[in-house]
Peer 1: 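Please see the structure below; I have some questions.
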Amino acid sequence: MTYGIAMALVLAILAYVCVLANLGPSLLWTEPLIAGWLTGMLVGNVEVGITIGATLTLMSLGMWTYGGATIPDFMTGAILGTAFGALPGVGLTGGLAVAVPAALLMTQLDVLGRATTTLFIHGADKAVARGDVKAVSWWHLMGHLPWGLTRAIPVFLAVWLGAKPVQDFINWMPASFMNAMKLTGAMLPALGFALLLSMLPVKKYWPFAVIGFVLFAYLKLPMVGIALVSVAAAVLFIQLKGGTVRG
Amino acid sequence: MAKPQESERALPEYGPVTNADLTRAMWRHNITLQFSWNYERMQALGYLWSMLPVIQRVSKTKEDLIANMQRHLVFYNTNPAVGSPVIFGASCAMEEKQQGEVGDSLKVALMGPLAGIGDTIQAILLRPIIAVLAASLALSGSVSGPIIFVIFGLFWFLFKVPQFWWGYRQGIGLVGEVTAGGRLDRITEAATIMGLGVVGGFIPSIMAKLTTTVAFARSVTVDGQATEKVVQLQPTLDQILPYMIPVLVVGFAYWLLKNRKQSPLKVLLYLTVLAFALSYAHIM
């Protein structure tokens, strides 16, 4: 059994809305638990939705788009996993078997979406040079098209084609390719950190970065502890220089 | 009376910044900041669009407007929920007081440290706690799990409103103060130090998965018997410097960005190629 074109369209719109709700207003609808729940209500099986969503949420603990880094797209994973998991004969295990690889594959489309939007800021550059405020607004407000479509189109196709072709496609992908993509995902946060560091006066304040590193790498301090030490170090540094922070 | 030239005539929007303009700018920022997020300048276009209600008021001529818009098209990226509303509020205050350039340096100085602080609060302090609670409720069959998460998201959205007005008041206060420069420098310095400390810890914790699988087979003689022994490379690396690979990869990306002036998009490409090469060569 599969879904019709109407359900494929509805879930594609859901994927678009979830991405946008997180991108703009920071509503966190990309959390797999929320996306799975909403999908569950739409396909008429809330239990599968929240179970798959919760499982993926626990898998994604500690993952965050630091500085705009790409992480596995567990939102799309939750939508597809729930949609297929709710089908008779597929079930929870089958749904999860689709959800996890789909989340990993989607990292490639996240990169594509983030890269395509670069064209929009070049459009805005030209509009600004002309002093064309309307065009500037248009480029910004249409900027979510690559973001939404890179999620909506795969969801539409996958739900429309059904679980079997998706599973076949994932099985067909060589394991070495999946491994390479997993490694890429693990390496991409480096770009976020590098961007962050390139904005800071590292040459002047590098010892504080070393302190943070040592606290984690050697002393195994949790991040909250490192943040507290950093606050204390900042205040002390300024006080020793003869100033006060509150001034 | 001579007709004024096109460039000297004041634009229709020119005038004092009203409370309604500020409120409009705030909602634009709070709802759409990242709609046009891209690898090259990240949140820059969203920042400009959100700022337009204020910029249009303070720009007298079309040339002013273009110059003011261009100032905001430079790279900008920080945590959109915790931090950016403060920066944006302060920046609006600077624009209103015709101190746009001071506002620009404040923006650049604060975005990095506040990204570090905001990401720490969201991703490390609060999200794991809420996620574990919500997921365990959901796994026991209760829809209160996802509902808790939805409410949590709503909280982040609404929390941006007081941040904006706080930032705005701070911005106005800084402009008024004679010693504003000195105080601003100290706040920026403190934020930078905190940011760097946190990033120093972040790099190894987030990228801990980057380890090598390389192993050497060596024959060793134990009690007069020659045996094959497999030696893993990773423990050796850990003894030299723990988390050496994450540090090297970040260092490589930083070097490309800063010293080789490569665009973030190119760096992304190099990192992807590097990951594929290392994976297929069975190094990682």
Side-chain angles (χ1 to χ4, degrees), chain A residues 23-28 31 33-34 37 50 54 57-58 61 64 66 68 114-115 117-118 120-121 124 128 131 137 140 143-144 179-180 183-184 186-187 189-191 193-200 205 208-209 211-213 215-217 223-224 226-227 230-231 233-234 237-238 243 245 247, chain B residues 31-32 34-36 38-42 45 49 62 65-66 69-70 80-81 112 119-120 123-124 128 131 134-135 138-139 146 149-150 153 156-157 183 186 190 192-194 196-198 200-201 203-207 209-210 242-243 249-250 253-254 257-258 267-268 271-272 275-276 279 284:
Chain A
L23 191 64
S26 320
L27 283 172
L28 304 181
E31 287 292 345
L33 184 49
I34 298 179
W37 176 52
I50 60 176
T57 289
L58 291 176
L61 280 182
W64 192 257
Y66 296 102
R114 287 166 186 267
T117 321
T118 303
F120 287 64
I121 200 160
V128 163
S137 305
H140 171 62
H144 57 72
N179 280 338
L183 182 59
T184 310
M187 213 176 255
L191 176 59
F193 288 126
L195 278 168
L196 195 61
L197 289 174
S198 66
M199 291 184 280
L200 295 170
Y205 298 112
F208 296 99
I211 291 172
F213 178 82
L215 290 178
F216 182 85
M223 281 314 295
V224 185
I226 297 177
S230 304
V231 172
F237 181 79
I238 286 161
V245 180
Chain B
I31 296 173
T32 79
Q34 298 197 101
F35 272 14
S36 52
N38 60 83
Y39 275 124
E40 197 181 294
R41 274 169 274 167
M42 303 201 169
L45 180 52
W49 188 73
K62 198 169 176 182
L65 179 65
I66 291 173
M69 287 201 288
Q70 270 163 347
D119 283 358
T120 311
I124 295 180
L139 286 176
F149 239 137
V150 170
W156 285 126
F157 174 63
R183 187 175 161 214
R186 287 200 299 278
T192 306
I193 290 172
M194 274 187 271
L196 275 175
V198 171
I203 293 171
S205 71
I206 303 302
M207 302 182 64
K209 268 188 245 142
L210 292 183
Y243 303 100
V249 175
V250 173
Y254 178 81
L257 277 174
K258 191 93 177 181
V267 178
L268 179 85
L271 286 178
T272 309
F276 267 75
S279 177
M284 287 174 78

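Atoms considered below: every heavy atom in the structure, side chains included; atoms not considered: hydrogens, waters and symmetry mates. Protein chains get the first letters and strands the later ones, always in sequence-line order, with residue 1 at the start of each.
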Peer 1: Just do the side-chain contact (heavy atoms from CB on, under 4.5 Å) check on A:Leu23 and B:Thr32 with the steps written out, would you?
Peer 2: CA-CA 8 Å; A:Leu23 191 64; B:Thr32 79; over 6 Å; no
Peer 1: Roughly how far apart are B:Met42 CE and A:Thr118 OG1, rounded to 0.5 Å?
Peer 2: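 Between B:Met42 CE and A:Thr118 OG1, I get 9.0 Å after rounding to 0.5 Å.
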Peer 1: Of all heavy-atom pairs between B:Ala275 and A:Ala180, which one has the smallest distance, and what is that distance?
Peer 2: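 Looking at all heavy atoms of both residues, the shortest contact is CB-O, 4.5 Å.
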Peer 1: Quick check for you: to the nearest 0.5 Å, what is the distance between B:Ile193 atom CD1 and A:Tyr205 atom OH?
Peer 2: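 Atom-to-atom, B:Ile193:CD1 and A:Tyr205:OH are 5.5 Å apart.
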Peer 1: Is the shortest side-chain heavy-atom distance between B:Phe157 and A:Pro25 below 4.5 Å?
Peer 2: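 Heavy-atom side-chain distance check passes, below 4.5 Å.
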Peer 1: So, taking the atom named OG1 in A:Thr117 and the one named CZ in B:Phe35, what distance separates them when rounded to the nearest 0.5 Å?
Peer 2: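 A:Thr117 OG1 to B:Phe35 CZ: 12.0 Å, rounded to 0.5 Å.
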Peer 1: If I compare all heavy atoms of B:Met207 with all of A:Ala190, which pair ends up nearest, and what's the gap?
Peer 2: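 Scanning both residues, the minimum pair turns out to be CE-CB, 3.7 Å.
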Peer 1: Heavy-atom distances under 4.5 Å only: say whether A:Ile211 touches chain B with side chain, backbone, both or neither.
Peer 2: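 Contact with chain B: none, neither part.
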Peer 1: Closer than 3.5 angstrom, by distance alone: can the side chain of A:His140 be matched with the main-chain N or O of B:Gln34 as a donor-acceptor pair?
Peer 2: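 No, A:His140 side chain to B:Gln34 backbone: no donor-acceptor pair under 3.5 Å.
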Peer 1: Quick check on B:Leu257 against chain A: is it the side chain, the backbone, both or neither that has a heavy atom closer than 4.5 Å?
Peer 2: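 Contact with chain A is through the side chain of B:Leu257 alone.
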Peer 1: What part of A:Phe237 gets within 4.5 angstrom of chain B, counting heavy atoms only: side chain, backbone, both, or neither?
Peer 2: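 Side chain only.
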Peer 1: Using non-hydrogen atoms and a 4.5 Å limit, figure out which bit of B:Leu45 sits close to chain A: side chain, backbone, both or neither.
Peer 2: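 For B:Leu45, the contact with chain A is made by backbone and side chain together.
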Peer 1: Step by step, would you call A:Leu27 with B:Trp156 a side-chain contact (heavy atoms from CB on, under 4.5 Å)?
Peer 2: CA-CA 7 Å; A:Leu27 283 172; B:Trp156 285 126; over 6 Å; no
Peer 1: Looking at every non-hydrogen atom in both residues, tell me the closest pair between A:Leu33 and B:Phe149 and how far apart they are.
Peer 2: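 Looking at all heavy atoms of both residues, the shortest contact is CD2-CD1, 3.9 Å.
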Peer 1: Looking at A:Gly131, A:Ala233, A:Ser230, which has the largest count of heavy-atom pairs under 4.5 Å with chain B?
Peer 2: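 Result: the option with the highest number of such pairs is A:Ser230.
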Peer 1: Who among B:Ala253, B:Pro146, B:Pro204 has the most heavy-atom pairs with chain A under 4.5 Å?
Peer 2: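 Heavy-atom pair counts peak at B:Pro146.
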Peer 1: Below 4.5 Å, heavy-atom pairs only: which of B:Leu65, B:Val267, B:Leu139 has the largest tally toward chain A?
Peer 2: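 If we count pairs closer than 4.5 Å to chain A, B:Leu139 comes out on top.
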Peer 1: Non-hydrogen atoms of chain B under 4.5 Å away: do they reach the side chain of A:Leu215, the backbone, both or neither?
Peer 2: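 Looking at A:Leu215, nothing touches chain B.
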Peer 1: How close do A:Phe213 and B:Pro242 get, counting heavy atoms only, and between which atoms?
Peer 2: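 Smallest heavy-atom distance, with atoms named: CZ-O, 3.3 Å.
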Peer 1: Most heavy-atom pairs under 4.5 angstrom with chain B, which of A:Leu58, A:Ile121, A:Ile34?
Peer 2: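 Heavy-atom pair counts peak at A:Ile121.
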Peer 1: Between B:Ala135 and A:Ala54, what is the shortest heavy-atom contact and its length?
Peer 2: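 Looking at all heavy atoms of both residues, the shortest contact is O-CB, 3.6 Å.
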Peer 1: On the 0 to 90° scale, with breaks at 30° and 60°, tag the B:Tyr243-A:Phe216 ring pair as parallel, tilted or perpendicular.
Peer 2: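 Geometry flag for A:Phe216 against B:Tyr243: tilted rings.
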Peer 1: What part of B:Ile66 gets within 4.5 angstrom of chain A, counting heavy atoms only: side chain, backbone, both, or neither?
Peer 2: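 For B:Ile66, backbone and side chain are both near chain A.
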